[in-house]
Amino acid sequence: MYKDEDFIKLSKNYDVKITEVNQSSFDQEESLIEVVTELNDEQLLKFKEIYGNSNFGNENGLEFKVSDHKVTLKAGNVNKFNNVFSLISSYKPNYF
């Protein structure tokens with residue numbers, strides 16, 4: 001289970017706009033949390049460099065779908081989202 005405060009904190013800590021949070025089931029064993037974000041240009045570029053340029057993917061228990069600047073993430077626990085947002089905020093691209 002998650003608490004709204006978890007995602008409010010993530011949003012503030014990593015300056016990520018979270019527009020929606022849903023849980024697919026109330027059974028914690030098989031539950032997936034879906035988070036819809038709107039990434040700015042820089043965040044989207046970093047996300048694509050880290051997770052690839054594909055619009056769909058599944059990596060280490062994290063599913064994602066990219067549509068323009070809207071990125072939908074699905075995972076089994078809040079720590080996965082924390083990891084993603086942490087990577088995006090600290091990632092230094094190689095294109096300079």
Side-chain angles (χ1 to χ4, degrees):
M1 294 293 285
Y2 72 91
K3 298 182 294 264
D4 289 339
E5 297 85 40
D6 295 334
F7 289 99
I8 292 168
K9 191 178 191 180
L10 283 177
S11 181
K12 286 181 181 177
N13 286 350
Y14 298 114
D15 194 27
V16 173
K17 182 178 179 184
I18 297 174
T19 58
E20 193 176 329
V21 178
N22 300 304
Q23 191 154 9
S24 64
S25 169
F26 292 105
D27 177 7
Q28 279 188 292
E29 295 298 317
E30 297 181 23
S31 179
L32 281 180
I33 303 168
E34 178 183 82
V35 174
V36 180
T37 65
E38 288 184 24
L39 301 181
N40 64 34
D41 289 341
E42 182 182 353
Q43 291 168 329
L44 185 62
L45 184 62
K46 289 178 178 183
F47 182 87
K48 287 186 172 190
E49 281 207 19
I50 295 166
Y51 292 99
N53 220 11
S54 175
N55 288 338
F56 300 95
N58 189 337
E59 186 171 314
N60 297 327
L62 174 77
E63 295 177 37
F64 64 88
K65 177 182 169 190
V66 179
S67 175
D68 197 22
H69 284 263
K70 180 178 163 183
V71 179
T72 304
L73 306 164
K74 289 184 184 179
N77 64 56
V78 176
N79 289 335
K80 291 279 185 193
F81 303 108
N82 187 55
N83 293 343
V84 171
F85 299 146
S86 175
L87 276 173
I88 291 172
S89 70
S90 65
Y91 184 73
K92 304 291 184 228
N94 295 329
Y95 47 81
F96 290 111

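We use all heavy atoms of the structure for the numbers below, so side chains are in, but hydrogens, waters and symmetry mates are not.
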**Message:** Go through it in stages, so that I can follow the logic: the residues are Glu63 and Leu32, the test is side chain to side chain contact (heavy atoms under 4.5 Å, CB included), and I'd like the CA-CA distance, side-chain angles, deciding distance and then a yes or no.
**Reply:** CA-CA 10 Å; Glu63 295 177 37; Leu32 281 180; 4.0 Å; yes
**Complete:** The reported gap from CD1 in Ile33 to CG in Leu73 (rounded to nearest 0.5 angstrom) is 11.5 Å
**Request:** State the NE2-CG distance between His69 and Asp41, to the nearest 0.5 angstrom.
**Result:** 4.5 Å
**Request:** Would you name the heavy atoms of Asn53 and Lys48 that are closest together and state the gap between them?
**Result:** OD1-CD, 3.2 Å
**Request:** For the residue pair Leu39 and Val16, establish whether any side-chain heavy-atom pair is separated by less than 4.5 Å.
**Result:** yes
**Item:** Listed partners of Glu38 passing salt bridge (charged side-chain N to carboxylate O under 4.0 Å, His left out), at least two apart
**Value:** Lys17
**Asked** Atom NZ of Lys65 and atom CG of Asn55: how far apart are they, to the nearest 0.5 Å?
**Response** 9.5 Å
**Item:** Cluster check Ile50, Phe47: I/L/V/M/F/W/Y, side chain < 4.5 angstrom
**Value:** yes
**Item:** Lys/Arg-Asp/Glu bridge criterion (N-O < 4.0 Å) met for Lys46, Glu42
**Value:** yes
Got a list of side-chain donor-acceptor pairs under 3.5 Å for residues 78-90, not counting sequence neighbours?
residue, atom, partner, partner atom, Å
Lys80, NZ, Asn60, O, 2.4
Asn82, OD1, Tyr14, OH, 3.2
Asn83, ND2, Asn79, O, 3.4
Ser89, OG, Phe85, O, 3.3
Ser89, OG, Ser86, O, 3.1
Ser90, OG, Ser86, O, 2.9

**Request:** Dump the intermediate steps for side-chain hydrogen bond (donor to acceptor under 3.5 Å, both in side chains) on Glu59 and Tyr51, then the final yes or no.
**Result:** CA-CA 8 Å; Glu59 186 171 314; Tyr51 292 99; 5.6 Å; no
**Message:** Could you measure the distance from the CG atom of Asp15 to the CG atom of Leu10? Nearest 0.5 Å is fine.
**Reply:** 12.5 Å
**Set of side-chain contact (heavy atoms from CB on, under 4.5 Å) partners for Lys70, sequence neighbours left out** = Val36, Thr72
